[in-house]
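Written below as structure tokens is the structure these notes are about.
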Amino acid sequence: MVTKEWVAIHRKHHAKVETSDDPHSPQTRGIKTVFWGGTELYRAEAKNEETLEKFGRGTPDDWIERTSTAAFRGRAWA
């Protein structure tokens with residue numbers, strides 16, 4: 001996950017806290033879903049271009065950002 005994706009999702013969470021638009025609200029999705037499936041919620045929301053455009057402004061988008069994370073995309077850290 002690149003910085004823009006993480007930041008956009010986190011900003012949206014704070015802008016829409018505890019509403020149905022909150023990408024990872026335990027109030028609307030359930031604590032078990034957020035706790036055990038939080039990474040999947042982030043991955044799903046990272047595909048939402050509207051979220052990335054609206055909430056991801058001002059984040060790095062340079063060669064280092066793109067290449068340093070590209071090798072690890074889709075892999076989980078154990």
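Worth knowing before you read on, the calculation uses all heavy atoms, side chains too, and leaves out hydrogens, waters and symmetry mates.
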* Spacing of Ile9 atom CD1 and Lys4 atom NZ [to the nearest 0.5 Å] -> 12.0 Å
* To do: Taking all non-hydrogen atoms of both residues into account, name the closest pair between Pro60 and Thr3 and its distance.
  => CD-CG2, 3.9 Å
* Asked: So Trp6 and His10, would you call those rings parallel, tilted or perpendicular, with 30° and 60° as cut-offs?
  -> parallel
* Calculate, to the nearest 0.5 Å, the distance between atoms OG1 and CD belonging to Thr19 and Gln27 respectively. => 11.0 Å
* Asked: How many angstroms lie between atom CZ of Phe55 and atom NE2 of His14, to the nearest 0.5 angstrom?
  -> 11.5 Å
* **Spacing of Met1 atom CE and Arg43 atom CZ [to the nearest 0.5 Å]** => 7.5 Å
* Asked: Is Arg57 reaching over with its side chain to a backbone N or O of Leu52, donor-acceptor style, under 3.5 angstrom?
  -> no
* Structure fact -> Distance col, row Tyr42:OH vs His24:NE2, nearest 0.5 angstrom, shows 3.5 Å
* Option among Arg11, Lys12, Lys54 that satisfies the salt bridge (Lys or Arg N to Asp or Glu O under 4.0 Å) test with Glu45 -> Lys12
* So, Arg29 side chain and Asp22 main chain: donor-acceptor pair closer than 3.5 Å or not? -> yes
* Structure fact -> Excluding Leu41, membership of its hydrophobic cluster (Ile, Leu, Val, Met, Phe, Trp, Tyr; side-chain heavy atoms within less than 4.5 Å) reads Val34
* Could you tell me whether the side chain of Glu53 and the main chain of Glu50 form a donor-acceptor pair under 3.5 Å? => no
* Asked: Looking at side-chain heavy atoms only, is the closest gap between Ser25 and His13 below 4.5 Å?
  -> no
